[in-house]
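Right, one structure below, let's go through it.
We count ligands from 1, going down the list as the structure has it; atoms in each ligand are counted the same way. All of these numbers come straight from a predicted model, not from anything done at the bench.
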Amino acid sequence: MWSWLVEHGETIRTYFVAVIEIAILWVAFYQLYRAFHATRGANILLGLFSSFIVLALVTGLFKLTVLSWLLRSIFAPGLVVALVVIFQPELRMALAKLGSRRHLAIFGITLWGRQDKSGFIESLCATVSVLASKRHGALIALQRTNKLHSVADTGTKVDGLFSKELVGSIFFPKTPLHDGGLIVDQERIVAAGCIFPVSAKEMKDRTIGLRHRAGVGLSEESDAVVVIVSEETGAISLATAGRLERNVDLNYLKTRLKELLYAHVATAQIQEVSQG
Ligand SMILES: Nc1ncnc2c1ncn2[C@@H]1O[C@H](COP(=O)(O)OP(=O)(O)OP(=O)(O)O)[C@@H](O)[C@H]1O
């Protein structure tokens, strides 16, 4: 037995290393597939990878040295560059998430403070309720840890305390600032009439228009929480991390905003993080 092991030791080691490598690659590819299978570039990715594998097999099998060199020196690096370009929005989103302080909740770091002392959420929900009942379209981004300076710069600086009256006048139809989005930071309105990045994500519901797409877009590129009121239906929606929750009621909105903006959520997030 011992002599057999000594004799075949190198072969066993080679197979063992190969099995470990295959397992690592399998996990990596599976994670990549999970992250990207529902995105616009998924089919392109599949096409590029299948062509690469077929070409690699053919050149290896028939020992086509020139083609094999081209594949290694041009196609493979080109593939990496193409992936970065194709998945630029997804990569930006992933980096924005990494940079958000949400992940630091585990250290007890808070977002808007320990609690909603000034009743901001009540005021926001009352505002949203009035806008919805009047069918005045609105797009309100609540900044969290990612700064939204570049988006605020596309609009008009306001720098005023959030109030139902002020926001109501901003979104009153045909007023100069009603078009575009509002940015709120720490209960203050930073700017109005801002142009948000529009999400290019495929959405099942084709009736979703630009206002909602702009809300989703900003939540994809930052950790902002975006509240949207539809001009057409008066429905209230919430966009976070590229996800749109439509037709939310005011109680749900209050609970979610408390969770998303204030500190006691940090505890919930710690649980989320620790539960993996
Ligand atoms: N990139 C953008 N950033 C901010 N606001 C935008 C952007 N694009 C469109 N909007 C706002 O959305 C309005 C157009 O909304 P549209 O009807 O296309 O969207 P919707 O999602 O169907 O909303 P609604 O249900 O209110 O009609 C514009 O008048 C403008 O105020």
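For atom 4 (C) of ligand 1, the nearest non-hydrogen atom from the set G234, C194, G217 belongs to C194. In this structure, of G137, P173, G180, the residue bringing a heavy atom nearest to atom 5 (N) of ligand 1 is G180. Atom 13 (C) of ligand 1 has its nearest heavy-atom neighbour, among H178, R135, R211, in R211.
Checked against a 3.5 angstrom limit, the closest N/O atoms of E231 and ligand 1 fall inside it. Some N or O of L210 is nearer than 3.5 Å to an N or O of ligand 1, by distance alone. On a distance-only criterion, D179 and ligand 1 share at least one N/O pair closer than 3.5 Å.
The shortest heavy-atom distance from A235 to ligand 1 is not under 4.0 Å. The closest approach between a heavy atom of G209 and any atom of ligand 1 is below 4.0 Å.
Taking a cut-off of under 4.0 Å to the non-hydrogen atoms of G181, the atoms of ligand 1 that pass are 4 (C). Against a heavy-atom cut-off of under 4.0 Å, F196 is close to the following atoms of ligand 1: 1 (N), 2 (C), 3 (N), 4 (C). Within the listing of ligand 1, atoms 4 (C), 5 (N) sit less than 4.0 angstrom from a heavy atom of L139. Close approach of ligand 1 to A214 is summarised as follows: ligand atoms under 4.0 Å from at least one heavy atom of the residue are 1 (N), 2 (C), 3 (N), 7 (C). Residue-ligand proximity, S230 to ligand 1, at heavy-atom distances under 4.0 Å covers atoms 24 (P), 25 (O), 26 (O). Less than 4.0 angstrom separates some heavy atom of I195 from each of these atoms of ligand 1: 1 (N), 3 (N).
Counting heavy atoms under 4.0 Å from ligand 1, residue V198 touches it through the side chain alone.
With respect to L142, the side chain to side chain contact (heavy atoms under 4.5 Å, CB included) criterion is satisfied by exactly one of L124, L182, I183: L124.
Linking ILVMFWY side-chain heavy atoms closer than 4.5 Å, directly or via other members, places V248 and I140 in a single hydrophobic cluster. In terms of hydrophobic clustering, with Ile, Leu, Val, Met, Phe, Trp and Tyr side chains grouped at heavy-atom distances under 4.5 Å, V216 and V198 are assigned to different clusters.
Residues I189 and I170 approach most closely at CD1-CD1, 4.5 Å, considering heavy atoms.
E231 has a carboxylate O that lies under 4.0 Å from a charged side-chain N of R211, or vice versa, which qualifies the two as a salt bridge.
Taken from OG in S237 to CZ in R243, the straight-line distance is 12.0 Å, to the nearest 0.5 Å.
In this structure, atom 17 (O) of ligand 1 has its sub-4.0 angstrom surroundings free of protein heavy atoms.
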Check against side chain to side chain donor-acceptor pair (under 3.5 Å), T14 and T11
CA-CA 5 Å; T14 313; T11 321; 6.0 Å; no
Candidate pair K157 and V190, rule side-chain contact (heavy atoms from CB on, under 4.5 Å), full reasoning
CA-CA 6 Å; K157 198 172 168 207; V190 178; 5.7 Å; no
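Between F172 and H178, the gap from one ring centroid to the other reaches at least 6.0 Å.
The ring pair (Phe, Tyr, Trp, His ring centres under 6.0 Å) contacts involving residues 140-163 comprise F120-F162, where partners must be two or more places apart or lie in separate chains.
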